[in-house]
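What follows is a single structure, written as structure tokens, with notes after it.
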Amino acid sequence: MSDNTHQNPQPVPFRGGGFRPQRIRGVGLAVFILLIAFVEWGTRVGFISNLTLPRPSAVFATFQDLIETGMLWKHLLPSLSRLAVGAALGVTVGVGVGVLIGLFSLIRAGLVPLVAALFPIPKIALLPLFVIWFGIDEGSKYALIALGTFTPTVVATYGAVDNVDRTLIRMGQSFGLGWFSIVRKIVLPGALPGILSGLRVSIAIGIILLVAAEMLGAQYGIGAYILEAGSLYDLERLFAGVVILSGLGVLTSGLIGWIERRVLAWRV
Amino acid sequence: MTDISRRGALGLLGGAAALPMLGSPAFANTKVTVGALNFTSHAASFVAFERGYFAEAGLDVEFKFFQAAQPMAVAIASGDADYAVTSITGGLISLAEKGATKVIGGALTEEKGIDGQKILVSDAAYQAGVTTPKALDGKKFGITQAGSSFHYMGAKIAQAEGIALEFTPLQKVGAVIGALKSGQIDAWSIVPHIAKPLAGSGAVHIIGNVADYIPNYQVTTVFTSANNAANERAKTEAFLKAFSKGAADFNAALVDKTTGEADAEDMIKLIHKYVYADKPYDKAKPGIVNGAMRINEGAALNTTSVQDQLDWFKSEGLVKDSVTMDMLVDSSYVQTM
Amino acid sequence: MQLTLDAVSHRYADVTVLSDISLTIPEGQIVCIVGPSGCGKSTLLRFLGGLERPDQGQVLQNGPVPQGCLNPLTYVFQDFALLPWRDVAGNVSLVLEDHGIRGTKAAAVIDDVLARTKLSDFRAALPKQLSGGMKQRVAIARALAVNPAVMLMDEPLSALDAQTRELLMDDLIALWTRAPFTAVYVTHNLSEAVRLGHKIVVLSRRPGTIREIVEIDIPLTERHAGDPVLETHQARLWQLMREEAEAADKELGHV
């Protein structure tokens, strides 16, 4: 045997595989479908009781009813307008304050502790207060979502401004660019990736707060629909509502992704 | 704390119904968890406990306190509580439809001549001329949640008056009170022991009685898990018997007032251990006396009222059309009216 | 315009980085500054362009700026400092906009400098699409666009590979030959220094002082890689620097 080894060259054993994430299509979808099929089967056979989980096909039927009766829009439109107005307010003010914090040391010293103090407050706790301040109608709902999206936007924005490549700012100064030009042409575009990724978090928080905002005084809205389903222990409607919220999350995330691809095409 | 094995029982609910009866009538010191709110309307349970009626019946009762009616229904379904007394809500009906809960008796009833639930309006609305329920057309009526008893009462009032109300869900009784006081909502209906002190403060006004719109309204019912109702007959009967004794004592002392001042005083002191316990006795007393509404003799159940409530929930699309009285009520335990 | 450093010293916290530097950069010449790492070459360049102020001594500018000069003291950075979200033309136009040069006037300037740096075909390319050498050519084009009196070049070729560096040196020489400019060129690469420098200033290790100034009087166009005279200069410079570099290396190990 040992004599033969000289005549029989062996291939070098390959030791380099694995540890490399690969993109495999369709598996995510398959997991989803399998899980739903499993629940459907479990609820039909009866080993998942109808108290534990609703039957997926029943959720689907509830969803269809929602569309056919037009109730989907009756619930979705108020929620979307609350999310749009609230988040637009919170994000606009948040980006503005975040940029100011990023640019001026005095404002940073004054506002960063305030923002840090506001951030961990569960905004839901302030809802009764907002009802007194802004009224039980749309005002308090806008305010809740605005405050909820404001704090993460501020933190993301000033972080993004801080992270703008200093050599670019140095370059601007060395070419004699004015302060305002540097902010507009270097700082803001440079901070945009960070601001947009902060926006993903902010909008997701806005969707979460939608349910909270619709706790007080909302007859229509996805959040009100979910709360109602919960109090009626109507699991089909509860899940249909949750699916709508998830869909909303996927949709807004996709929208931001699309904006990123368009506006941030320059990124490596 | 929670009896873990009951939780497990929930998952096996469907199968459990098919099992042979396991409950044996010979029992002593059977552990039983009773869900309750710290309201005078739950007094029958408190009396039965304090005066030893539960112990006599061989039940070792432990109270589990809740903040609202709907969570109690869920606790019964999950096996965290065995028996509870609360109003008929959409949640309770949905759970009954899923075979988890059953109404087995009646408790609080609206009765002409006994002070019952009041219709309240905010001061702002009152000053603007809303002095009768008829004038509530288009106004904001506070409810805790869709399908709560407040929702039912408001709807029945609106129906009777031929007006439209805008129902405003606020989740908690405390939030409704706050919104009513600050004029964020215009009207509400609530039991007298909450209504009267509020009206006394001048921030709200009483403009009517619920009893005028919903006569013989079965406000609260006794309910339990479907498993208890079907398979733990002896235990359930024992509970209802002790509960009825407590109810009889309560009615005699505070509603019919047939047993004299001293007994009434004793009764108030007993209830004070559970209701307004954070207030001194003198301040708590009027609230307890004001809240004294009749608890049905023998936990009798007014099925006509229950049927009406069920029909309303169905007509509003709050519960499935397929729910029947048989799914909701097990009428084999008490007298029905 | 000529620049003069007059007895400049500087400290960062309690470390003296530069000590008593006096130097004149004559008009129309490229002055290379070489020295071991940490000797304060880049700090010196920041003083020259007014991005930082020395603790002691003065930096003086003397003489008129060239006609149409927008930014007399203009840097070229080691890492190019291009705005990644602007294309090649946009990066050049950035430094014109603030001086009110827009539209056709700006287009003319941009066309001119891109032609001079052989970038005309890449007007609309984004920095991420360009190689390192191309990026530095864009940075040089941008510097040329403001028609500077003095170019302050901070290791402009250090981030590039050897072949690209050779090509860019040829480009710089061609640019200078067409229109001689004044430049201060900081590098740690001695072959760059002997190819591009009319004057080579050798700094000692920290605290940086001027050890020697070497003048090379061969015209830039006649200098080629492998030229024996340049090799001799380079060997001599290495002699001067070797000890300093070794000492500096050990010093850094202590920090």
Side-chain angles (χ1 to χ4, degrees), chain A residues 91-92 95-96 98-99 102-105 153 156-200 255-268, chain C residues 42 45-52 65 69-88 90-101 124-130 132 135 138-139 141-156 159:
Chain A
V91 166
T92 315
V95 168
V99 169
L103 292 178
F104 301 102
S105 300
T153 308
T157 303
Y158 80 71
V161 171
D162 288 351
N163 277 332
V164 171
D165 193 349
R166 294 293 119 171
T167 58
L168 294 183
I169 295 175
R170 264 294 153 78
M171 180 275 294
Q173 290 173 324
S174 80
F175 277 97
L177 265 60
W179 181 87
F180 192 69
S181 275
I182 291 178
V183 170
R184 195 163 59 87
K185 295 172 184 170
I186 299 177
V187 175
L188 287 184
L192 202 57
I195 293 174
L196 281 176
S197 72
L199 206 60
R200 279 177 193 276
L255 191 71
I256 294 172
W258 180 78
I259 294 173
E260 279 179 340
R261 279 194 298 281
R262 302 219 57 180
V263 181
L264 305 180
W266 50 268
R267 272 198 301 192
V268 185
Chain C
S42 295
L45 202 66
R46 285 202 290 274
F47 292 156
L48 284 167
L51 286 181
E52 221 174 301
V65 297
C69 170
L70 301 174
N71 189 47
L73 305 170
T74 296
Y75 284 89
V76 174
F77 300 91
Q78 179 179 354
D79 50 8
F80 328 127
L82 300 178
L83 300 186
W85 50 88
R86 283 190 177 221
D87 60 16
V88 168
N91 265 288
V92 178
S93 114
L94 173 79
V95 298
L96 301 174
E97 288 158 14
D98 262 40
H99 300 284
I101 298 175
L126 283 171
K128 70 168 180 182
Q129 299 168 290
L130 302 175
K135 285 183 195 166
V138 177
R142 177 176 64 189
L144 293 174
V146 294
N147 200 10
V150 182
M151 291 247 255
L152 303 166
M153 310 177 94
D154 188 4
E155 309 225 18

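Below, chain A is the first sequence line, B the second, and so on; all start at residue 1. Below, each value reflects all heavy atoms present in this structure, side chains not excepted, and no hydrogens, waters or symmetry copies.
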| message | Ignoring hydrogens, what is the shortest heavy-atom contact between P193(A) and L264(A)? Give both atom names and the distance. | response | CA-CD1, 3.7 Å
| note | chain A shares the most heavy-atom pairs under 4.5 Å, among L126(C), L83(C), V146(C), L70(C), with L83(C)
| query | Which residues satisfy the side-chain contact (heavy atoms from CB on, under 4.5 Å) test with V65(C), sequence neighbours excluded? | reply | M1(C), C69(C), P72(C), A149(C)
| message | For A191(A) versus V164(A), what's the shortest heavy-atom pair and its separation? | response | N-CG2, 3.7 Å
Taking 3.5 Å as the threshold, show me the donor-acceptor pairs across chain A and chain C, one per line with distances to 0.1 Å.
| residue | atom | partner | partner atom | Å |
| --- | --- | --- | --- | --- |
| S174(A) | O | N71(C) | ND2 | 2.8 |
| G178(A) | N | D98(C) | OD2 | 2.7 |
| S181(A) | OG | D98(C) | OD1 | 2.5 |
| S181(A) | OG | D98(C) | OD2 | 3.0 |
| K185(A) | O | W85(C) | NE1 | 3.2 |
| K185(A) | NZ | E97(C) | OE1 | 2.7 |
| K185(A) | NZ | D98(C) | OD1 | 3.3 |
| A265(A) | O | K128(C) | NZ | 2.6 |
| R267(A) | O | K128(C) | NZ | 3.4 |

| said: If we define contacts as heavy-atom pairs under 4.5 Å, which of G190(A), P189(A), A265(A) has the most with chain C? | reply: P189(A)
| said: As a test of understanding, state which of L188(A), V187(A), I195(A), V95(A) forms a side chain to side chain contact (heavy atoms under 4.5 Å, CB included) with V161(A). | reply: V187(A)
| message | Do L73(C) and L48(C) make a side-chain contact, defined as non-hydrogen atoms from C-beta onward lying under 4.5 Å apart? | response | no
| Excluding sequence neighbours, so at least two apart, what forms ring pair (Phe, Tyr, Trp, His ring centres under 6.0 Å) with F80(C)? | none
| query | Quick one: CZ on R200(A) to CG on L255(A), what's the gap to the nearest 0.5 Å? | reply | 10.0 Å
